Amino acid sequence: MKKKTLLFCLISYLLCAPLTGCGTDTNSLPGGNTLPSSTDQVPGTTPADDSSPAPTDTAGISPSPSGSPDASPAPDASDTPTPSSEPESGLRDNTPHCLVPTTDGIEETHNEYASIDYSNAAEGYITARYTGECPKVKMQIKGSNSVTYTYNLGSSEYEAFPLSSGSGVYEITILENVFDTNYVICLTVTVEVTLSNEFGPYLYPNQYCSFDSASRAVALAEELAEPANTDLDVIANVYNYVITSISYDYDKAETVPSGYIPNVDAALESGSGICLDYAAVMTSMLRSQRIPTRLEVGYAGDLYHAWISTYIPDVGWVNGIVQFDGKDWELMDPTLASMVEENELRDFISDESNYVVKYSY
């Protein structure tokens, strides 16, 4: 009993502070609805409800040479010269592939204050912007699984947002704050979506993992993927780099504002961050290497937290990579892996039942 008590004390201390950047404060909506308030959880509190989506599948996996869903065929080893002055190149093509969200104007709705463009909904994303004068604006995206994603919408430029609930009917609503926590609808549209690529939402950049061909994260991912033979090699190289190069910022965790959006290049430059920074950096790097990656937000035990899962061909979505022992991988929680070495804590993060996903970005 003493050992268990000590273990959970360690976990409560070492896991990151409440993730305030993935949701909003509680806000009353027209019709009596309420904006999600999950990010207002504090360490040690109980999850808001029992209806959260179940954790993604975790599986012990063996390395596979298969490529990712849209990866280019790997070049034949005999066609890949290895300069003596350079590190040995792997068989996998490490050329960055940064998908670029576009606003095509083919299918859209707008008024004098806001615009929602869903021309590329089949690719797994929409774009939106607000050009009015209200200083506090939010957008909600509700899919057929009834999970509502709430974002801050503060730019006059179009931003991309994932359709994380897959194919189905979405309600997309932009809301303006009128006073206190009360909002009114500014613009709304219902869109029926059939994804042309189920991995689209997890390959494009979006508000929470923003990157492009000029990003340092993309160049670094290309370098780390250079010696890789498979997607698994890339994941391992990127993961090991992140957990050894970024340290947890306790001060930032104590002062991070609600609505915090990670900046992946800034996190790499500073070498520090909170759980959302860790997850965003890895997500951006792996997506630029054509590896579908979900930035997941939910509960680690009773604490609000962020981590990632990746798609491995012939295995599926894997929510479990910390280290590879020649047979199995353990949970891909880069924040905790960068902070601790104790076997008991590795046991905690390798147990999928300790993690409950609420949102995937």
Side-chain angles (χ1 to χ4, degrees), residues 20-25 27 35 39 96-142 148-164 170-178 183-189 191 193 200-219 256-269 276-277 279-281 283-285 287-288 295 297 359-361:
T20 58
C22 293
T24 62
D25 48 357
N27 299 286
L35 291 176
T39 52
H97 185 58
C98 298
L99 298 177
V100 179
T102 60
T103 302
D104 298 339
I106 299 172
E107 295 182 281
E108 60 92 35
T109 186
H110 69 274
N111 58 27
E112 60 181 311
Y113 305 110
S115 302
I116 300 171
D117 188 298
Y118 48 96
S119 304
N120 295 291
E123 294 297 314
Y125 70 90
I126 60 98
T127 63
R129 68 173 179 174
Y130 176 78
T131 55
E133 297 182 356
C134 181
K136 191 173 183 181
V137 179
K138 298 187 184 296
M139 183 175 71
Q140 289 191 323
I141 301 178
K142 182 179 180 180
T148 299
Y149 288 76
T150 302
Y151 300 91
N152 288 331
L153 195 61
S155 174
S156 60
E157 302 296 325
Y158 280 99
E159 293 182 271
F161 301 90
L163 298 176
S164 303
Y170 285 81
E171 296 177 6
I172 306 167
T173 306
I174 294 176
L175 303 115
E176 295 174 305
N177 179 253
V178 287
Y183 285 74
V184 296
I185 293 175
C186 171
L187 182 66
T188 186
V189 65
V191 180
V193 176
Y202 307 111
L203 287 168
Y204 277 90
N206 60 48
Q207 190 184 68
Y208 278 93
C209 52
S210 179
F211 63 93
D212 57 34
S213 59
S215 299
R216 179 182 179 187
V218 172
V256 65
S258 177
Y260 172 74
I261 300 297
N263 182 316
V264 296
D265 281 357
L268 287 170
E269 180 68 27
L276 189 57
D277 295 310
V281 167
T283 298
S284 300
M285 294 173 76
R287 287 185 186 183
S288 75
L295 190 165
V297 174
Y359 305 108
S360 296
Y361 296 93

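All figures in this text were calculated on a predicted structure; none of them were measured in a lab.
- Contact record, T131 with S156: CG2-O, 4.1 Å, taken as the closest heavy-atom pair.
- Using a 4.0 Å cut-off between a side-chain N of Lys or Arg and a carboxylate O of Asp or Glu, E269 and R216 qualify as a salt bridge.
- Ring centroids of F161 and Y151 are separated by less than 6.0 Å, placing the two rings close together.
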Quiz item: What do the steps show when you test Y130 against E176 for side-chain hydrogen bond (donor to acceptor under 3.5 Å, both in side chains), and what is the final call?
Solution: CA-CA 10 Å; Y130 176 78; E176 295 174 305; 2.4 Å; yes
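- Under the 4.5 Å side-chain criterion, counting only non-hydrogen atoms from C-beta, Y208 is in contact with P262.
- Here Y260 contributes atom OH and D277 contributes atom CG; the two are 3.5 Å apart, rounded to the nearest 0.5 Å.
- Between the side chains of S164 and S360, no donor N or O sits under 3.5 Å from an acceptor N or O.
- Checking side-chain atoms of N120 against main-chain N and O of D104 turns up no donor-acceptor pair under 3.5 Å.
- Rounding to the nearest 0.5 Å places CD1 of I174 at 9.0 Å from OG1 of T188.
- A distance of 12.0 Å separates NE2 of H97 from OG of S213, quoted to the nearest 0.5 Å.
- Aromatic pair Y149/Y359: ring centres closer than 6.0 Å.
- In this structure, Y113 places its OH atom where only 12 or fewer heavy-atom neighbours from other residues, nucleotides or ligands lie under 6.0 Å away.
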